[in-house]
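So the structure is just underneath, and the comments pick up after that.
To find a chain, count down the sequence lines: A is the first, B the second, and so on, and within it residues start at 1.
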Number of protein chains: 2
Amino acid sequence: MTAQARSSKPGPRRTLTESAIMEAALDLLDEGGVTAASVRGIAGRVGVAPNAVYTYFPDKAAVVKAIVEHLLGQVDLAVFSDRNVPWRQRIESLALELRGRLTAHPGAVNLMIGGPMDGPRALALNEHLMETLRDSGLDAGEAARASYLLIVYVFGSIALETAELGDKPGASSEDERIAARLKGFSAIPAAGYPLSAGATAVMATYVSTRQYTWGLHRILDGIAGE
Amino acid sequence: MTAQARSSKPGPRRTLTESAIMEAALDLLDEGGVTAASVRGIAGRVGVAPNAVYTYFPDKAAVVKAIVEHLLGQVDLAVFSDRNVPWRQRIESLALELRGRLTAHPGAVNLMIGGPMDGPRALALNEHLMETLRDSGLDAGEAARASYLLIVYVFGSIALETAELGDKPGASSEDERIAARLKGFSAIPAAGYPLSAGATAVMATYVSTRQYTWGLHRILDGIAGE
DNA sequence: GCCTATTTCTGTACGGTGTACAAACTGTAC
DNA sequence: GTACAGTTTGTACACCGTACAGAAATAGGC
């Protein structure tokens with residue numbers, strides 16, 4: 001409200017910002033998984049004492065929360081609000097976009113599962129999903145349940161797929177993740193792994209976008225076909 | 001092979017067993033969540049020095065793994081192998097049984113998500129799911145994908161539902177968990193929460209078995225209806 | 001009977017974590 | 001120049017998982 005609002009505060013030239021901390025944390029998360037993203041590690045990467053972080057965030061959980069919200073914020077919800085596009089296609093786009101954004105940072109996804117997803121971005125995403133489901137002709141109750149189902153599927157699959165690999169650095173692309181997942185499943189033929197008979201094959205399919213999309217279609221079939 | 005195989009080893013009278021450690025850990029998990037289930041806490045509950053645990057388990061991860069396998073072992077797979085029962089009904093029973101067993105120990109479920117589920121019991125469960133899906137008339141590839149979808153749903157929903165509450169003690173029954181979940185969502189009317197319009201309502205539905213079953217039916221509809 | 005081998009448990013310690021507290025520093029405003 | 005306020009650091013605490021050496025206790029061989 002006062003006229004003289006600018007960068008005119010006492011104190012030393014600040015070498016730290018919220019975004020610098022978040023970037024460093026996300027880098028560490030991508031490189032070394034959840035174990036690498038310690039407060040000391042974050043501060044060290046920015047070249048600062050560990051406690052300096054607490055000037056900008058009340059605790060480590062707040063840093064995590066900010067990163068999660070940042071990632072969810074990269075999903076442009078406006079694109080999926082076009083009511084000329086059929087609702088199934090809108091949901092599918094959203095699910096694939098979300099998967100793409102989040103599996104690029106497996107370590108961050110691992111952190112999501114631990115804490116509550118109750119930030120503004122997470123709630124907005126939920127809200128949008130509800131809105132789209134309303135266009136499907138479902139009543140409010142069914143739309144709420146379908147939203148639950150879809151959220152479980154989208155986040156559940158990402159969670160299960162990245163949980164095992166979240167702590168291992170360097171497995172960012174889908175191919176690398178599939179390779180890492182297949183390692184240790186000797187019963188699986190090198191090529192065409194989804195067709196193997198045993199449970200090991202199922203474990204291996206966890207990481208394939210193809211399976212993900214198939215499952216999404218089956219869910220949408222189930223929702224629409226009633 | 002030798003005839004004199006009995007309890008005839010030197011050493012002091014053991015006050016510790018694998019199962020005593022696992023029981024103490026599970027108790028702490030139920031009471032105080034993952035943070036309470038520390039090695040020091042486990043040992044303290046049994047009345048022993050922390051390092052004594054390492055006589056029976058190589059590390060803490062092994063304790064967790066043993067607990068997970070123990071819980072999965074409580075699910076009697078033989079009951080679901082009756083081929084006279086329709087495959088959909090068999091899968092539904094399995095999913096509900098699993099949910100019941102696991103949501104009784106939210107803290108343990110939280111631990112499951114972190115580590116790989118590659119123990120004998122987990123693989124057997126997978127195998128059984130595959131087998132049942134084969135009876136549905138799907139080919140091997142589709143059965144594998146459907147298995148993926150179902151595993152994601154069953155474990156994903158449990159994971160998402162219990163992640164937030166896993167660290168909070170005393171929320172073991174479904175009613176308590178719903179109450180805890182609803183706390184903080186002021187926009188939700190006290191009764192009939194699934195019908196509220198906003199995303200908060202969807203968040204609240206996470207904990208209801210009704211939603212869980214509804215989603216399961218929609219998935220089975222999607223799988224069967226093609 | 002003692003002696004010895006073997007197993008279980010304890011004492012202590014190391015490096016790691018998140019974080020609280022007070023002091024030191026660095027800049028702006030008067 | 002002096003006072004003030006915001007930023008960063010030094011130090012410390014309680015906790016974590018766990019490695020290592022030694023003590024306690026019991027079995028079998030003589």
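For the pair T55(A) and dT7(D), the criterion of a side-chain N or O lying under 4.0 Å from OP1 or OP2 is not met. One finds no side-chain N or O of K9(B) lying less than 4.0 angstrom from the OP1 or OP2 phosphate oxygen of dA27(D). Phosphate proximity of dA25(D) to R13(B): absent, as no side-chain N or O sits under 4.0 Å from OP1 or OP2.
The base of dG17(D) is paired with the side chain of R40(B) by a donor and an acceptor separated by under 3.5 Å.
Under the 4.0 Å criterion applied to side-chain N and carboxylate O atoms, E69(B) and K65(B) are not assigned as salt-bridge partners. Under a 4.0 Å N-O distance rule, the pair R45(B)/E31(B) qualifies as a salt bridge.
As judged by a 4.0 angstrom heavy-atom cut-off over every strand, Y56(B) is placed among residues touching the sugar-phosphate backbone only.
Using a 4.5 Å cut-off on side-chain heavy atoms (C-beta onward), V39(B) and D59(B) make no contact.
Side chain of V48(A), nearest nucleotide from dC9(C), dT6(C), dT9(D): dT9(D). Closest approach to the P10(B) side chain among dC16(D), dA27(D), dT10(C) is made by dA27(D) (side chain taken as heavy atoms from C-beta onward).
Atom P of nucleotide dT12(C) and atom CG of N51(B) are separated by 12 Å, given to the nearest angstrom. Between the OH atom of Y54(A) and the C1' atom of dG6(D) there is a distance of 20 Å, rounded to whole Å. Rounded to an integer number of Å, the gap from CG of L16(A) to C1' of dT9(D) is 13 Å. Spacing between atom CD of E18(B) and atom P of dT8(C) amounts to 10 Å, rounded to whole angstrom units. Taking atom CD1 of residue I42(B) and atom P of nucleotide dC16(D), one finds them 10 Å apart after rounding to whole Å. Nucleotide dG16(C) holds its P atom 18 Å from the CG atom of D59(B), rounded to whole Å. Here the C1' atom of nucleotide dC15(D) and the NZ atom of K60(A) are 14 Å apart, to the nearest Å.
Nucleotides of DNA chain D nearest to P12(B) and P50(B) differ in position, and the one nearer the 5' end is that of P50(B). Map T15(A) and G41(B) each onto its nearest nucleotide of DNA chain D; the residue landing nearer the 5' end is T15(A).
I91(B) contributes atom CD1, which lies 5.5 Å from atom CG of L129(B) (distance to the nearest 0.5 angstrom).
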With side chain to side chain contact (heavy atoms under 4.5 Å, CB included) as the criterion, how do Y56(B) and V63(B) come out once you've worked through the C-alpha distance, each side chain's angles and the decisive distance to 0.1 Å? CA-CA 9 Å; Y56(B) 299 89; V63(B) 181; over 6 Å; no
